[in-house]
*Asks:* 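My structure is below; once you've seen it, I'll send some questions.
Given the structure is predicted, the values throughout are model-derived calculations rather than measurements.
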Amino acid sequence: MTDRLYMAIAANGVVATNQGETPWGEASWDNFIRETNAAGNLIIGRRTYDVMESKHEFDLLDASVNIIVVTSTPLVDPKVVAVPSPQAAREAAHGLGAKIALWGGGPMLATSALKAGLLDEIWLDVEPIIIGNGRPLIATDFISTLHLLSANNYKDGVTLKYEVRHG
């Protein structure tokens, strides 16, 4: 199984405003929906779940997509699998038969998964926008080495696909 983080980011590496808004273009959102549907699962943190649920964004996904939420607080939603840690999220995706575990964010979850060595790839849709004083992709100070697999243009942006180098 491949563990892949897939997130949209501003050109300056920010993934959301401080209020949690993600002003991404339609093409980036279409990319994310396509990749999530293809993977058949989505691993997200509680804050991302709350934002997506409030905006009815899960309605855009295929009904067969398994939503896995990493949360330390109770979550009563029969449509999702709630787990206490990134490791448990990975195990849940594997248990559901996923060939690709698709990690969709946010920054705290991305940081935890990367630091724990759970991610094999990072795919970033770089949007043509600058967000001042927002939430960075990685929420703590550490270094991880990546290897560029490809860079693909889409309308007004570029998808950067990286392999995470462990060790």
*Asks:* Would a 4.5 Å heavy-atom cut-off, applied to side chains only, mark L61 and I33 as touching?
*Replies:* yes
*Asks:* Quick test of your reading: applying side chain to side chain donor-acceptor pair (under 3.5 Å), list the pairs with at least one residue in residues 75-86, sequence neighbours left out, ordered by first then second residue.
*Replies:* Y49-D77
*Asks:* Only pairs at least two apart or in different chains count here, so list each ring-ring contact (aromatic ring centres under 6.0 Å, His included) that has a residue in residues 67-88.
*Replies:* none
*Asks:* Measuring from L137:CG to L114:CG, what's the distance to the nearest 0.5 Å?
*Replies:* 8.5 Å
*Asks:* Would you please name every residue forming a side chain to side chain donor-acceptor pair (under 3.5 Å) with E57, sequence neighbours left out?
*Replies:* none
*Asks:* Going by side-chain heavy atoms closer than 4.5 Å, which hydrophobic residues are tied to I143, directly or by a chain of links?
*Replies:* none
*Asks:* Is there a donor-acceptor pair under 3.5 Å between the side chain of T48 and the backbone N or O of G106?
*Replies:* yes
*Asks:* Ignoring hydrogens and geometry, is there a side-chain-to-backbone donor-acceptor pair from H94 to A89 under 3.5 Å?
*Replies:* no
*Asks:* Going from CD1 on I44 to CG on L109, what distance comes out if it is rounded to the nearest 0.5 angstrom?
*Replies:* 9.0 Å
*Asks:* Contact between V80 and L75 at the side-chain level, heavy atoms closer than 4.5 Å - yes or no?
*Replies:* yes
*Asks:* How would you list all residue pairs meeting salt bridge (charged side-chain N to carboxylate O under 4.0 Å, His left out) that involve residues 17-28, not counting sequence neighbours?
*Replies:* E21-K55
*Asks:* From L102 CG over to T36 OG1, what is the distance, rounded to the nearest 0.5 angstrom?
*Replies:* 4.5 Å
*Asks:* Who are the ring pair (Phe, Tyr, Trp, His ring centres under 6.0 Å) partners of W24, not counting sequence neighbours?
*Replies:* none
*Asks:* Applying a strict under-4.5 Å side-chain criterion to I, L, V, M, F, W and Y, I'd like to know whether M52 and I9 cluster together.
*Replies:* no
*Asks:* Quick one: do Y154 and I129 end up in the same hydrophobic cluster if we chain Ile, Leu, Val, Met, Phe, Trp and Tyr together by side-chain heavy atoms under 4.5 Å apart?
*Replies:* no
*Asks:* Taking all non-hydrogen atoms of both residues, which atom of M1 and which atom of A93 are closest, and how far apart?
*Replies:* SD-C, 4.3 Å
*Asks:* According to a hydrophobic-cluster definition based on side-chain heavy atoms being under 4.5 Å apart (Ile, Leu, Val, Met, Phe, Trp, Tyr only), do V83 and I43 belong together?
*Replies:* yes
*Asks:* Would you name the heavy atoms of S144 and V164 that are closest together and state the gap between them?
*Replies:* OG-CG1, 3.9 Å
*Asks:* To the nearest 0.5 Å, what is the distance between CG (L5) and CD1 (I122)?
*Replies:* 5.5 Å
*Asks:* Just how far is it from atom CD1 of I131 to atom OG1 of T17, taken to the nearest 0.5 Å?
*Replies:* 6.5 Å
*Asks:* Are L118 and M7 connected in a single hydrophobic cluster, I mean Ile/Leu/Val/Met/Phe/Trp/Tyr linked by side-chain heavy atoms less than 4.5 Å apart?
*Replies:* yes
*Asks:* Is there a donor-acceptor pair closer than 3.5 Å between any side-chain N or O of S54 and the backbone N or O of V51?
*Replies:* yes
*Asks:* Run the side chain to side chain contact (heavy atoms under 4.5 Å, CB included) test against D156 and tell me which residues pass, sequence neighbours left out.
*Replies:* P128
*Asks:* By the ring-ring contact (aromatic ring centres under 6.0 Å, His included) test, which pairs, at least two apart or in different chains, include something from residues 100-131?
*Replies:* Y6-W123
*Asks:* With a 3.5 Å distance limit and no angle check, can you tell me whether N41 reaches the backbone of A39 through a side-chain donor-acceptor pair?
*Replies:* yes
*Asks:* Which distance, rounded to the nearest 0.5 Å, do you find between the CD of E35 and the CG of D30?
*Replies:* 12.0 Å
*Asks:* Would you call W29 and L60 a side-chain contact if the rule is heavy atoms closer than 4.5 Å?
*Replies:* yes
*Asks:* What salt bridge (charged side-chain N to carboxylate O under 4.0 Å, His left out) pairs are there with at least one residue in residues 59-73, not counting sequence neighbours?
*Replies:* none
*Asks:* Would the number of heavy atoms belonging to other residues, nucleotides or ligands and lying under 6.0 Å from CZ of R46 be above 12?
*Replies:* yes
*Asks:* Quick one, I68 and L96 - any side-chain contact, counting heavy atoms below 4.5 Å?
*Replies:* yes
*Asks:* Does any non-hydrogen side-chain atom of P136 lie less than 4.5 Å from one of V15?
*Replies:* no
*Asks:* Between R135 and G20, what is the shortest heavy-atom contact and its length?
*Replies:* NH1-CA, 3.4 Å
*Asks:* Below 4.5 Å, heavy atoms only, C-beta onward: do K161 and H147 meet side chain to side chain?
*Replies:* no
*Asks:* Could you tell me whether the side chain of V65 reaches within less than 4.5 Å of the side chain of N37, counting heavy atoms only?
*Replies:* yes
*Asks:* State plainly whether one hydrophobic cluster holds both I130 and V14, where clusters connect Ile, Leu, Val, Met, Phe, Trp and Tyr through side-chain heavy atoms under 4.5 angstrom apart.
*Replies:* no
*Asks:* Applying salt bridge (charged side-chain N to carboxylate O under 4.0 Å, His left out), which residue pairs with at least one partner in residues 111-128 are found, sequence neighbours left out?
*Replies:* R4-E121
*Asks:* Which heavy-atom pair separates T111 from A139 by the least distance, and what is that distance?
*Replies:* OG1-N, 2.6 Å
*Asks:* Could I get the full list of side chain to side chain contact (heavy atoms under 4.5 Å, CB included) partners for S112, not counting sequence neighbours?
*Replies:* P86
*Asks:* For S64, enumerate each residue passing the side chain to side chain donor-acceptor pair (under 3.5 Å) test, keeping only those at least two apart in sequence or located in another chain.
*Replies:* none
